[in-house]
Amino acid sequence: MTDQELHKMMEVQYLKGRLDELHKALPTITNLQRSRKIDMRIDKYYKKLKNTSEEAYHLYLVERVNSKMSKDKSKNIMKDLLKRVSLVIKDEGMLEELKEQINKY
């Protein structure tokens, strides 16, 4: 591996890390077409990643979609489980807490 390839690989890792940090810090920011400063900051890293490696950019987008689908699937499983458990709970206080959790999903 040449120094240039190594530098490119490290740059891709850095950019992916920054994007992950920004998405964790700002989980509601998903629409890159809005013109807010935060969106522009995320968009800047997406553009840098795309310019550095087109393949890494597309793989990162696929990774984000897969991660979201996995989280949504897990949320649905937990919601169904909470609904089933709520049918056998006798304690009213705990039942109310469960209903609040179900409504959050």
Side-chain angles (χ1 to χ4, degrees):
M1 182 176 284
T2 66
D3 286 344
Q4 188 177 13
E5 291 171 332
L6 183 61
H7 178 73
K8 183 178 177 179
M9 186 176 75
M10 297 305 288
E11 181 73 12
V12 165
Q13 287 301 110
Y14 167 75
L15 293 170
K16 286 176 58 178
R18 285 297 292 142
L19 283 167
D20 286 341
E21 287 176 13
L22 288 170
H23 282 291
K24 280 182 187 175
L26 313 160
T28 59
I29 306 299
T30 55
N31 182 359
L32 296 178
Q33 302 308 316
R34 293 184 292 179
S35 61
R36 292 176 26 195
K37 279 187 178 182
I38 297 170
D39 291 340
M40 292 171 66
R41 205 165 118 194
I42 292 174
D43 189 44
K44 175 181 85 171
Y45 284 104
Y46 272 112
K47 286 178 182 175
K48 281 184 178 182
L49 181 60
K50 190 172 185 178
N51 290 335
T52 303
S53 172
E54 192 82 23
E55 296 88 9
Y57 170 77
H58 290 290
L59 287 173
Y60 183 76
L61 292 179
V62 169
E63 186 180 312
R64 294 271 314 146
V65 168
N66 287 342
S67 176
K68 183 178 179 346
M69 287 173 48
S70 177
K71 286 179 184 178
D72 289 344
K73 182 180 176 181
S74 295
K75 283 181 182 180
N76 288 334
I77 290 170
M78 288 303 297
K79 186 176 180 178
D80 291 341
L81 182 61
L82 287 172
K83 284 181 180 179
R84 287 192 339 212
V85 168
S86 69
L87 297 174
V88 296
I89 299 292
K90 304 284 188 225
D91 183 2
E92 288 297 320
M94 186 176 285
L95 190 58
E96 286 301 315
E97 286 182 44
L98 277 174
K99 286 181 181 178
E100 286 177 22
Q101 287 297 318
I102 290 170
N103 291 333
K104 285 183 182 180
Y105 290 115

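Hydrophobic clustering of Ile, Leu, Val, Met, Phe, Trp and Tyr side chains at less than 4.5 Å, counting indirect connections, unites Leu19 with Leu61. Tyr14 is connected to Tyr57 through a chain of hydrophobic side-chain contacts under 4.5 Å among Ile, Leu, Val, Met, Phe, Trp and Tyr, so both are in one cluster. By the rule that hydrophobic residues join a cluster once side-chain heavy atoms approach within less than 4.5 Å of another member, Leu49 and Leu59 end up as members of separate clusters. Leu98 and Leu81 fall within a single hydrophobic cluster, where Ile, Leu, Val, Met, Phe, Trp and Tyr are joined by side-chain heavy atoms under 4.5 Å apart, directly or via other members.
The distance from the CG atom of Leu15 to the CZ atom of Arg18 is 9.5 Å, given to the nearest 0.5 Å. With rounding to the nearest 0.5 Å, the separation of CZ in Arg41 from CG in Asp43 is 13.0 Å. How far OG of Ser86 is from CG of Leu82: 7.5 Å, rounded to the nearest 0.5 Å. Within the model, atoms NE2 of His7 and OG1 of Thr52 stand 8.0 Å from one another, a figure rounded to the nearest 0.5 Å.
Between Met1 and Lys8, every side-chain heavy-atom pair lies at or beyond the 4.5 Å cut-off. Arg64 is listed as a side-chain neighbour of His23, based on a closest heavy-atom distance under 4.5 Å. Between Lys83 and Leu87 the shortest side-chain heavy-atom distance does not fall below 4.5 Å. Residues Met78 and Lys75 have side chains not in contact (no heavy-atom distance under 4.5 Å, counting atoms from C-beta outward).
The existence of a salt bridge linking Lys16 and Asp20 is excluded, since no basic side-chain nitrogen approaches an acidic carboxylate oxygen closer than 4.0 Å. A salt bridge links Lys68 to Asp72: at least one charged side-chain nitrogen sits closer than 4.0 Å to a carboxylate oxygen.
Applying the 6.0 Å contact sphere to CG of Asp3 captures no more than 12 heavy atoms from other residues, nucleotides or ligands. The neighbour count for Gln4 CD, taken as heavy atoms of other residues, nucleotides or ligands under 6.0 Å away, does not exceed 12.
Ser70 places no side-chain N or O within 3.5 Å of a backbone atom of Asn66 that could act as its donor or acceptor partner.
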Original post:
Could you go step by step and tell me if Glu21 and Lys24 meet the salt bridge (charged side-chain N to carboxylate O under 4.0 Å, His left out) rule?
Top reply: CA-CA 5 Å; Glu21 287 176 13; Lys24 280 182 187 175; over 6 Å; no
